[in-house]
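Lettering of chains follows the sequences in order, A, B, ..., and the numbering in each one begins at 1.
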Amino acid sequence: MKEKTQQNLVKFISFLSRRKSLFTLLGGYEWWLKKKWPSPDLAQTSYLLTIHSIRELYQRKKPVVWTSLFFPSEFIWAGSMVPFYPEIASGLVAALRWSDFPLRSSFQKWVSADLCSYHRLSLGMSLLKLFPRPDFLIATNTICQGTVGFFQTLAQLWRVPFYLIDVPFADFSASEKYISYQLESLAQNLSQEWGIRFRWEQVFSCSNQTRAVIKDIENLRKQKTIILAPPTKNLDYLPYYYQFMGTRASLSFFTQLLAQLSLTEPSSCHRLLWLHLKPFYPNPVPEWLEKNNLGVAFEEFASLYPGELSSREPFSSLARKILYSWQLTVGRKRISHVLQLVQEFEVQGVVQFNQWGCRQSQGMNFPLRQALRKQEIPFLELDGDQIDQNHRSDEQWKTRIQALAEMLEGNR
Amino acid sequence: MITAGIDVGSQSTGVVIQKDGQILSFALCLTGIDPRKRAKESLKEALEKASLSPEKLDCRIATGYSRHQVEADRTVSEISAQAKGAAFLFPKARGLIDIGGQDTKVVLLSSGGKVVDFLMNDKCAAGTGRFLELMAQVLEISLTDFGKLVAQAQREVELSSTCAVFAQSELVGLIAQGKKKEDLSRAVCQAVVDQVANMVERIGLVPPVVFTGGVAKNQGVASLLEKRLGFSLLIPPEPQITAALGASLVL
Amino acid sequence: MKVGYFCGYLPPELIRSAGGEPVLLEPEGKRVKLGEKYFPTPFCPFSKVFLDNLLSGSWEKVGTLLFTRSCDASRRLYETVSSLPGGESSFLLDLPHEVGPLAWNYFAHQLKKLAHFLLDRTGKSEKAMLSDLEQEVKSSLIIRRKLTEEYQAGRLPGAVFLGKEGGSPPDFPRVVRGGLPLFLIASHLWVRDLIGLLEKKSILVFEDTPLGSRRWLLRENTTFLLPPEEDPFLSLSRLYLEWKAPCPRGPWRERLAFIQEMTRKLGVRGVVYFYPKFCDFSLYELKIVRDELSLPVLSLEYDTLPNLAQWETRLEAFLEVLTP
């Protein structure tokens, strides 16, 4: 599409996205879809939920809260607000093959190409006013400190308040208290400023039930012959692990996934553990994995907080859930967590897709490789970018994947 | 059993014909823009050198960047092929460094010549043959001049090794400062060496280590790499056919 | 006992009162040979150069190393150093992102942990440390106030703050020659080289760097007094989180307000933003500075080696724009 046409189209869509009443019409479409699919399959459930979310986010009947991947959605749902995870939405934009334009827009406004592309794309979509307008922003710096810069820039662009939940790295109990106090003070602040009332019971109960189903899925996936196909598909379900936790949508999705997985044909492929995320634009990595008889037994980002959320101590239990992400971000904890997953899921190899702008995950690769070598587990790094196609190097990925398969075949 | 290993790399294409562990012939040429055609021509040349007709071949195994584009009975990754080739030529080898046109590979080998671990360069071109080509253009020299110029270098000049684009602009800056071509040539080779040495250290290679790929023919890089690593490297007489040789041996 | 540190949020006052000798670590720029293998290509150049200096024995006499959780790279740097032989004598000070009573109390608790870590090594008593700490903070405040006044009056340009070992104060006041005033925002590497280059071009440089003024200056309207009954750790915590000049890690509104105030008071004509490639905080701050500051901004990027020729070309072009 020509640049000028694309710009005009973007302006038009951006104009439409600000007409709240337009999105009321989606209500009728949703009702019709529900009639059409009385018992929807997984794909239909996802489609329905996407339509519902678009309606909620652009109709703006409730406060729209932008938040970061490891901030628990239960907090937002319990306050009858609508969460929007720009990092997840960036993956969706890339999957729709439309990442180039917003990435270019952000670059033109001095957003460096060396920053995380999830963040760059979200800033581009914000500059173009295509993502739903936030009422305020809440983020944690648990996964990376880059998130802070990202949300600060969002606050500057949208001119809305930004509340940071600072996640420390000291001893667990001091950290838990510190986060819990911050959550409590945030809840008080939101009640005073926005009139938000928190009702924890229902959301927490739903989240706990969902977690139990996810645990069943995990247990099933620990069986040597069970592989969720195609490889890395489970990472497309991240919204259910993060954005919709605490809602019926996640619960019914995972219930269906469990039923589907129970009927899976036994597989004899090599089992891999997948670290970090994957390229979300259409790419042949899953196909090459399958061709080389490699399956993904488990994904690091599907590791969920194993404890229960309790409405008797909402802030402490949410703080503990946030702190569980130490497994991903604190060097020693991540390495021992990875080794534990290797054992539990009986994987033969570990793959990490290195995201160009992600310092925290790549900064750990050296000790991680050493630890896996000790266990004689090959560690494959795929370098590239998960959102920005300019950094893709298909031929290298193909060679590396084939070489890993040959190594595993040789070890058999 | 007679097999042909066909390595279609980004820069050069190599073919090796082998019979029961004996190399019968090999051919080497530039890949150009039609890898399929070049592979065919190289195979024909190698078969002629070995006085064999194509029907005599029991199996053709392709490797390299364009391995999926050429006619072959099966494919193997360059990593496994290089490892196999290196272990065949140097049975005691415990490591391999291959610097090709587009990729650099560092492979840790087990005592049986199996791949234990490997690393490839990231997307950045620094540390590859392509980087040397780019820098040679800036310095207005040919690739074969590097060895001689590095030997004549007198003063230490430093060049960033992180990124080819960065290094290129630095090189232009250093030329503007009036630095000598010999010293700059060494700085360019040193930048490649530092990139590769980082990969070697990351994966923990210990000697004996084989050095292959087109860049192994660059005396400047080879000597600086040996100095940086602190041990001698084993360089095959024709370092650009190791992958083709390895491919011919995978059965 | 020599205690090495580089982050502006690590209080030399605490190190001294715990019986240690603070050493501000300023890595020398050289080819990264030993440090690079630990980190990937798109990673903080300071961490690589720091590790290189450490592994090549630049700081052999520094037995204890202190780090902060200021950014992802700094955390990974600590994790790497602490996993190396002798790594048990390194410490990570957890540094909150936010300001306010919660953060002050949390940071005070972390400072106390650091004090105990140091006391275990120096053998000094806690009581003696507490009394010295109170004194240290008091005198530090007096010096900081005076320095802030002098700096804002334009009497402390150039490299005067840089590399004062152990946080000892720079000399003041200075006789200042004329020149085009520019504000320099930079990180840890090549600051001296760049200031040298700027001064060669007759520029009056006012630096805002973690090696220099950012360690010393106080924010505007600070009326910090030490109530005698207050916990000295809480005083120290507030001094660093609430009153000290903020750094690019935020909160951005306060940081921006500080830069705006300084550039206004100093009457600078432009800003030189000198930043490390792959530093998330700098990359984001650069955008905010460009968007929000009504001054011309020259951005200069660097990696693990200085590139004086390139900087000079860009600087000359910038000066031509400023003084047509």
Rounded distance (nearest 0.5 Å) linking atom [atom1] of [X] with atom [atom2] of [Y]:
X        : Y        : atom1 : atom2 : answer
A:Thr153 : C:Leu283 : OG1   : CG    : 10.5 Å
C:Leu286 : A:Trp110 : CG    : CH2   : 6.5 Å
C:Arg290 : A:Lys109 : CZ    : NZ    : 12.5 Å
C:Trp252 : A:Phe151 : CH2   : CZ    : 14.5 Å
C:Asp72  : A:Gln362 : CG    : CD    : 11.5 Å
A:Leu115 : C:Phe278 : CG    : CZ    : 10.5 Å

Review point. Any luck finding a side-chain donor-acceptor pair between A:Arg359 and C:Ser47 under 3.5 Å?
Key: no
Residue [X] versus chain A: region with a heavy atom under 4.5 Å:
X        : result
C:Tyr38  : both
C:Gln110 : side chain
C:Arg253 : side chain
C:Glu285 : neither

Between [X] and [Y], is any pair of side-chain heavy atoms under 4.5 Å apart?
X        : Y        : result
C:Tyr284 : A:His119 : yes
C:Pro40  : A:Phe366 : no
C:Glu79  : A:Arg332 : no
C:Lys287 : A:Leu123 : no
A:Asp114 : C:Lys277 : yes
C:Asp280 : A:Gln145 : no

Whether over 12 other heavy atoms sit under 6.0 Å from [X] [atom1]:
X        : atom1 : result
A:Lys129 : NZ    : yes
C:Phe117 : CZ    : yes
A:Tyr181 : OH    : no

Checking heavy atoms, do the side chain of [X], its backbone, both or neither come under 4.5 Å from chain C?
X        : value
A:Asp171 : both
A:Asn365 : neither
A:Val330 : both
A:Phe150 : both
A:Glu381 : neither
A:Lys177 : neither
A:Pro168 : both

**Study point:** Evaluation steps, side chain to side chain contact (heavy atoms under 4.5 Å, CB included), between A:Gln152 and C:Leu256
**Key:** CA-CA 12 Å; A:Gln152 283 180 349; C:Leu256 182 66; over 6 Å; no
Check your understanding: Is A:Asp166 reaching over with its side chain to a backbone N or O of C:His97, donor-acceptor style, under 3.5 angstrom?
Key -> yes
Exercise for review: Check whether any side-chain N or O of C:Arg75 sits under 3.5 Å from a backbone N or O of A:Phe169 as a donor-acceptor pair, and report yes or no.
Suggested key: no
Review point. What residue in A:Asn354, A:Val167, A:Thr329, A:Asn141 has the most heavy-atom pairs under 4.5 Å with chain C?
Key: A:Thr329
Check your understanding: Going through the checks in order, is the side chain to side chain contact (heavy atoms under 4.5 Å, CB included) test met by C:Leu102 and A:Gln182?
Key -> CA-CA 8 Å; C:Leu102 273 179; A:Gln182 289 180 76; 3.8 Å; yes
